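Per chain, numbering begins at 1; letters A, B, ... match sequence-line order. Computed from a prediction, not measured in an experiment: that's the story for all the values here. Hydrogens, waters and symmetry mates play no part in the numbers below; they use all other heavy atoms, side chains included.
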Amino acid sequence: MKNYRADLHIHTILSPCGDLSMSPVNIISEAARKQIDIIGITDHNSTGQCSLVRKLGRDKGIFVLQGAEVTTKEEVHCLAFFENTDALKYFQEYLDANLPDMQNDPLIFGDQVVVDEDENIIYTEERLLSNATGISLEKLQSFVYENNGIFIPAHIDRMKNSIYSQLGFLPENLKADALEVSRRSSPGRFSLIHPEISSFPLITNSDSHFPDYIGSVFNTLCLKEASFGEIKMALAGIDGRRIISPC
Amino acid sequence: MKITDIVEALDLKVVSGHGGLMNDVTGGYVSDMLSDVIGNAGEGSVWITLQTHHNILAVASLKDISAIIIVKGGIPEEETAKKSNEENIPLLSTDKDTFTIAGQLYDLIKKE
């Protein structure tokens, strides 16, 4: 068993709010510089940039969890990750079918582009990615677990786009691999106000939109190796795999 | 004024919670953020929202809301309707949007 440093909430250049410096190449080199071993790629309602980040990460020994930050119908942000290319593709189709057909205005919201290894733009997403999808929180939760994914409601401490802001409190039938507390608070601090969150594994991530923020907070995970299955086990605390500390 | 008067005047569909149709109405509240409703809605209010998640019933029960109007033809989740029956808090549905139905409810309550 070995300790791995994991920051599981990072936006790329594809998110309208992601800085143009958040190219896959820059994200991986910044994560390497900060000695982060595992990163999660979570653009708003799209997985379009995941495969390149994963490929570049592999070359540098950084494991990349592939997923998205979904905006549910209730405007709650949730991280969803999937293990293989097929599940990720199916997830992308699900997102595409449920994203409203509203055009992005890059001057207001920012550019939404996919770039290649040489930072050439290879695709521009025309639909505004930060909109709420038509997927309810419950439907998203079911979809993720039917496809053996990892489900993490994001920044639950924030009074914007969180379970608490949108739905008042944790739904009684909520199932999640972990709850994320933002870098503005901490799992320890937020559970003083909301002790009920302690019944879930708690993590913290950078929610980076700029390279500087990558690894500004992270979780130390005890794993046999960096893999999807091992990370899921660590969140659940199975067979010695565990979250040692959010930092 | 009772919920049943509002149902009739505003042509609302009663989805569930029929046991609460004689609840008294003292006012109204409009919000889609449940944390805001918890903080600010008054007892006996009719709450207008587009949320359909089952947490709306828990919030309504906590704040002694007299009924919930779901706008734009929203269909509540099964669990939401079940809780509405248990709590006797009617779930009412309309195809109108929030602005329109809130205006009509305001006029109705003001007239009284």
Worksheet item: With a cut-off of 6.0 Å (strictly less than), are more than 12 heavy atoms of other residues, nucleotides or ligands near CG of B:Asp64?
Response: yes
Worksheet entry | Heavy-atom neighbours of B:Lys2 NZ exceed 12 at 6.0 Å | yes
Response to the item:
Interatomic distance, CD1@B:Ile38 vs CZ@A:Phe169, rounded to 0.5 Å, equals 6.0 Å
Worksheet item: Around atom OH of A:Tyr145, are there more than 12 heavy atoms of other residues, nucleotides or ligands at under 6.0 Å?
Response: yes
Worksheet item: Between A:Ser165 and chain B, which part of the residue has a heavy atom less than 4.5 Å away: side chain, backbone, both or neither?
Response: both
Practice prompt. Answer yes or no: does atom CD1 of A:Ile238 have more than 12 heavy-atom neighbours from other residues, nucleotides or ligands under 6.0 Å?
Written response: yes
Discussion item. I'd like to know whether NZ of A:Lys139 has more than 12 heavy-atom contacts from other residues, nucleotides or ligands below 6.0 angstrom.
Written reply: no
Discussion item. If you compare all heavy atoms of B:Asn55 against all heavy atoms of A:Leu167, which two are closest, and at what distance to 0.1 Å?
Written reply: ND2-O, 2.9 Å
Worksheet item: Would B:Lys83 and A:Glu172 pass as an ion pair if we require N to O under 4.0 Å?
Response: yes
Practice prompt. Would you indicate whether the side-chain heavy atoms of A:Glu74 and B:Leu34 approach each other to under 4.5 Å?
Written response: no
Worksheet item: At a heavy-atom separation under 4.5 Å, does A:Leu170 approach chain B through its side chain, its backbone, both, or neither?
Response: backbone
Discussion item. If I take atom NE2 from residue B:His53 and atom OG from residue A:Ser136, how far apart are they, to the nearest 0.5 angstrom?
Written reply: 7.5 Å
Practice prompt. Look up atom CE in B:Met33 and atom CD in A:Gln166, then write down how far apart they are to the nearest 0.5 Å.
Written response: 5.0 Å
Item to complete: Give, as side chain, backbone, both or neither, the part of A:Glu138 having an atom under 4.5 angstrom from any heavy atom of chain B.
Response: side chain
Worksheet item: With a cut-off of 6.0 Å (strictly less than), are more than 12 heavy atoms of other residues, nucleotides or ligands near CZ of A:Phe200?
Response: yes
Worksheet item: With a 4.5 angstrom heavy-atom cut-off, which part of B:Ser31 approaches chain A: side chain, backbone, both or neither?
Response: neither
